[in-house]
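Any value given below was found using the heavy atoms of this structure, including those in side chains, with hydrogens, waters and symmetry copies removed.
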Amino acid sequence: MATIRTVCAHDCPDMCSLLAHVEDGRIVRIQGDPEQPFTAGFACGKVNRDMELVYSPERLTTPLRRVGPKGSGAFEPITWDAALDEIVARWTGLIAESGPETILGYAYSAHQGLINRGLTNGLFHALGTSRLLGGTVCDSCADAAWEATVGPIGGADPESASESDLLISWGSDLHATNVHLWAKFEQARKRGVKLVVIDPRRTRTAQAADLYLPIRIGTDSALALGVMHILVRDGLADRAYLAEHALGFDQVERDVLPRFTPERTAAITGLSVADIERFAAMYGVAQKSFIRIGFGMSRYLHGGQNLRTVALLPGVTGAYGRYGGGAIVATAASFDLNYNAVRKPSGPATARTVNHLKLGEALSADASIRALFIAANNPAITNPDTAKIRAGLSREDLFTVVHDPFMTATARYADIVLPATTYLETEDFYRSYGTYYMQYGQQVVEPLGQAWSNVRLTQTLAARMGVTDPVFNMTPPDIMKELFRGAGLKADPETLLNGVAVSIAGRSGQEFRTPSGKLEFYSQTLADQGLPPMPDWAPEPAAAYPLRLLTTPGYFQSHTAFSGVAFLRQREGVPCAVLHPEDAASRGLTDGQAIRLKNDLGQVSLRLRVRDEVQPGVVLVPGQRPDEEAEGGTVNMLCADGYTDMGAGATYQSTWLEVSAV
Ligand SMILES: Nc1nc2c(c(=O)[nH]1)N[C@H]1C(S)=C(S)[C@@H](COP(=O)(O)OP(=O)(O)OC[C@H]3O[C@@H](n4cnc5c(=O)[nH]c(N)nc54)[C@H](O)[C@@H]3O)O[C@H]1N2
Ligand SMILES: Nc1nc2c(c(=O)[nH]1)N[C@H]1C(S)=C(S)[C@@H](COP(=O)(O)OP(=O)(O)OC[C@H]3O[C@@H](n4cnc5c(=O)[nH]c(N)nc54)[C@H](O)[C@@H]3O)O[C@H]1N2
Ligand code: SF4
Ligand SMILES: [Mo]
């Protein structure tokens, strides 16, 4: 039996090092790598079973050509040659007729490898096609808010959490989405360190907390300002740290904090004055408080302001100055690599850009995009306003190619579907977005059937389309070396190619890379964009429906990427919506019945779960589940494609709706 060290490529902050055990060319077991300190010897409950992903009977094994109406899922197998001939003929014809911007092609985040994801995008960049502004469905708002406050640099090292003296999971369900950080938290808790969880949902993480604050959705900035108010009132602000490292705290103290008394903060957040006082007291005495800030709090109209205000809090106590203290949203900005070598090998400096959230609009509003290529993304489920996406994908004059290991809801609309490998059939270079590790992952087994990796497909298409940049002829190890060429980040390629996980974390406090070089309580950058320069809280516009959507990652899912694993589908259970007992009773609804969720954009049917895990006035829909798993439809049919205040990101949680019996 051979044991091969590789890296988990799923979209997850942990970026685990894995050991895959292979017998007769088949993976028989996957485990966490004990030699990688953060992975610490275990993989999560999803990836432990990734053999079932690789060998799922639902895997696509040959290229397919559509034979029925778009969306029907009727296809016939064709050869790779026939598929490539058709794609190249269509693209070449369209480019000759109307120019390359008539094509939109991209890979998104389901393969986190910098080469498999980056090179696909590099091909379309080189061809000069329309470009997808990715990440807006996920983290662009959070990133922009953090950048305006702290700068383009990663946050606290998650490994430092084991040395903290107060742990805060603020809008992150660590058990589900960051389970190895949870393991670090547990180490610290063994020393008696307390855990505070701030989340509108009583998640598993919240159930384990010493103090759980069931905050009202979208009111985190008010809570953070209320805590600052108490810290100032009680003389717990670190004046020396603020004087040296912060910009504009005096103005916030004078103009904003007086309005956030504990009473008003309680009224806005739905928390009790006693709980707010208790949290502020814990935060005020801690020296090394560590906050994990989740993306959820950024996914609504004022999401940037919300997240930015939380990110200011560690400046008030000086926690940012100490290893083990501070806050983390992500770490990716700290990896100074030559990404352009892979993502932008050549091509025009500018081209038409399509925000990921507006894919539906770009496909339907005008018909100038006539060819679409999608890899590692399932927008017919995961994008907001999925009805608009599906309308666009249904256009008869749109030539769509989807590359995926499975027949997804999106692939059903394709003209050509190409079978993709899973990451265990690829090699790649990775850097984490939730830790400071980078690592090279080996290919574990041969591709299943006729599946091709993103790299093989991209390089083949590049050759056939006449794109001659050298990266399209290099092996993955050589492409990795290009990522380091001229980059700020230095590493020994041989060490990496040997599979060693290398950390770039230091032990110093938070560095600020804002224009002032300080933590910006006052942000001129935001003022210049017409946004409030100082943290604050404002109510959202009045809504036409009584209930608010809370949408969270599924425990046994990563969006839809595990939909092809029957066991995980079963563990996740029937797609459901959770209502508080009061809201269910007032509508005459009972646990287990089929209900309809409805607003002006559409309606979906799910199973009702009645639980006090959410507050009254909220409908929780865990995970993004494909239609065929549900009673009918998918939750994103109810979400609008509008933008957040910062970073043009998704506003899934500014969705209001009503619920009734089917
Ligand atoms: N199991 C699993 N793991 C995953 C994923 C998955 O789908 N499943 N997805 C991966 C991806 S792509 C990403 S981006 C990350 C996301 O990982 P996180 O950043 O941890 O996840 P979020 O979607 O932000 O949701 C986290 C929590 O925020 C809470 N929340 C929602 N709104 C608010 C609010 O207004 N205030 C506060 N305080 N809390 C709020 C939700 O109840 C939820 O418990 O996870 C990754 N890991
Ligand atoms: N309502 C609501 N919607 C959300 C969210 C939410 O919290 N609530 N979260 C948002 C977030 S954070 C994100 S990141 C997005 C994610 O949205 P998507 O990017 O659509 O995520 P996945 O469902 O993981 O879909 C990726 C597809 O890639 C395929 N795939 C996996 N590996 C490979 C590979 O190596 N090559 C190729 N070619 N394909 C591969 C998978 O089979 C799957 O079909 O969803 C967003 N949508
Ligand atoms: S915790 Fe995340 S990185 Fe680790 S094995 Fe699971 S999905 Fe992969
Ligand atoms: Mo994401």
Side-chain angles (χ1 to χ4, degrees), residues 63-66 70 80 82-108 116-136 342-380 383 388-404 408 410-411 413-418 420 452 454-469 471-472:
L64 301 169
R65 178 192 281 131
R66 180 169 65 87
K70 293 207 171 191
W80 266 103
L84 294 168
D85 284 347
E86 185 165 340
I87 293 167
V88 170
R90 293 293 293 265
W91 288 358
T92 314
L94 284 171
I95 292 171
E97 210 178 289
S98 344
E101 287 188 10
T102 198
I103 302 171
L104 173 64
Y106 66 91
Y108 191 52
N116 275 282
R117 180 175 173 184
L119 204 61
T120 306
N121 292 326
L123 169 65
F124 291 100
H125 198 278
L127 286 170
T129 67
S130 293
R131 291 165 190 166
L132 186 87
L133 183 63
T136 54
V342 179
R343 297 177 189 169
K344 302 178 179 179
S346 64
T350 57
R352 173 183 177 166
T353 305
V354 175
N355 183 309
H356 203 156
L357 297 174
K358 300 289 184 186
L359 180 60
E361 194 177 288
L363 294 179
S364 8
D366 71 88
S368 67
I369 290 180
R370 292 169 62 197
L372 176 68
F373 174 94
I374 298 180
N377 187 213
N378 190 6
N383 251 55
K388 210 186 274 175
I389 296 275
R390 292 173 189 200
L393 290 171
S394 302
R395 255 176 49 202
E396 273 306 324
D397 65 332
L398 181 73
F399 175 65
T400 303
V401 179
V402 172
H403 183 224
D404 203 290
T408 64
T410 306
Y413 289 88
D415 297 281
I416 304 265
V417 180
L418 302 172
W452 282 17
N454 293 21
V455 169
R456 180 170 180 196
L457 175 58
T458 299
Q459 292 189 330
T460 308
L461 283 170
R464 289 197 177 215
M465 293 295 294
V467 178
T468 55
D469 304 288
V471 279
F472 296 112

Item to complete: May I have the step-by-step check of salt bridge (charged side-chain N to carboxylate O under 4.0 Å, His left out) for E396 and R66, ending in yes or no?
Response: CA-CA 12 Å; E396 273 306 324; R66 180 169 65 87; 3.7 Å; yes

Discussion item. D415 vs V401, test: side chain to side chain contact (heavy atoms under 4.5 Å, CB included). Steps then yes/no.
Written reply: CA-CA 6 Å; D415 297 281; V401 179; over 6 Å; no

Discussion item. Side chain to side chain contact (heavy atoms under 4.5 Å, CB included), that's the test. Do T410 and I374 meet it? Break it down for me.
Written reply: CA-CA 9 Å; T410 306; I374 298 180; 3.8 Å; yes

Practice prompt. Given side chain to side chain contact (heavy atoms under 4.5 Å, CB included), test H403 with N454 step by step and report yes or no.
Written response: CA-CA 8 Å; H403 183 224; N454 293 21; 3.3 Å; yes

Worksheet item: Between R131 and T350, is a side chain to side chain donor-acceptor pair (under 3.5 Å) present by the stated rule, with each step listed?
Response: CA-CA 9 Å; R131 291 165 190 166; T350 57; over 6 Å; no

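Between the CD1 atom in I389 and the OG atom in S394 there is a gap of 11.0 Å [rounded to 0.5 Å]. Taking CG from L357 and OG1 from T136, the interatomic distance works out to 3.5 Å, rounded to the nearest 0.5 Å. Separating the CG atom in L133 from the NZ atom in K358 is a distance of 12.5 Å, to the nearest 0.5 Å. Between atom CZ of residue R464 and atom OG1 of residue T92 there is a gap of 10.5 Å, rounded to the nearest 0.5 Å. To the nearest 0.5 Å, the span separating CD on E86 from CG on L84 amounts to 10.5 Å. With rounding to the nearest 0.5 Å, the separation of CG in L104 from CZ in F124 is 8.5 Å.
Panel note: side chain R390, backbone A380; a donor-acceptor pair is recorded below 3.5 Å. Looking at N378, its side chain never comes within 3.5 Å of a backbone N or O of T408 through a donor-acceptor pair. Without hydrogens or angle criteria, T102 side chain to S368 main chain gives a donor-acceptor distance under 3.5 Å. A distance-only check finds a donor-acceptor pair linking the side chain of N383 to the backbone of H356 [under 3.5 Å]. Within the 3.5 Å criterion, the main-chain N or O of R352 finds a donor-acceptor partner in the side chain of E101.
Contact check for L398 versus L363: side-chain heavy atoms found under the 4.5 Å cut-off. For the pair R370/I103, no side-chain contact is recorded, criterion being any heavy-atom separation below 4.5 Å from C-beta on. Side chains of V354 and I369 form a contact here, defined as non-hydrogen atoms less than 4.5 Å apart. Contact check for L119 versus Q459: side-chain heavy atoms found under the 4.5 Å cut-off. At a threshold of 4.5 Å between non-hydrogen side-chain atoms, the residues S364 and K388 count as touching. Side-chain contact between T400 and R395: absent, with no pair of heavy atoms (C-beta onward) separated by less than 4.5 Å. Side-chain contact between L372 and Y413 is absent, with no heavy-atom pair separated by less than 4.5 Å. Side-chain contact between L461 and W91: present, with at least one pair of heavy atoms (C-beta onward) separated by less than 4.5 Å.
Heavy-atom minimum distance, A351 versus G128: CB-O, 4.4 Å. Minimum heavy-atom separation, D469 to S346: OD2-OG, 2.8 Å. Of all non-hydrogen atoms in I95 and P100, the two that sit nearest each other are CG1-CA, 3.9 Å. Minimum interatomic distance between G105 and T129 (heavy atoms only, all atoms of both residues): N-OG1, 4.3 Å.
In this structure, W80 and W452 have parallel ring planes: the angle between them is below the 30° cut-off, well short of the 60° mark.
Checking N121, N377, T120 one by one against Y106, the side-chain hydrogen bond (donor to acceptor under 3.5 Å, both in side chains) holds for a single residue, N377.
Heavy atoms from other residues, nucleotides or ligands lying under 6.0 Å from NZ of K70 number more than 12.
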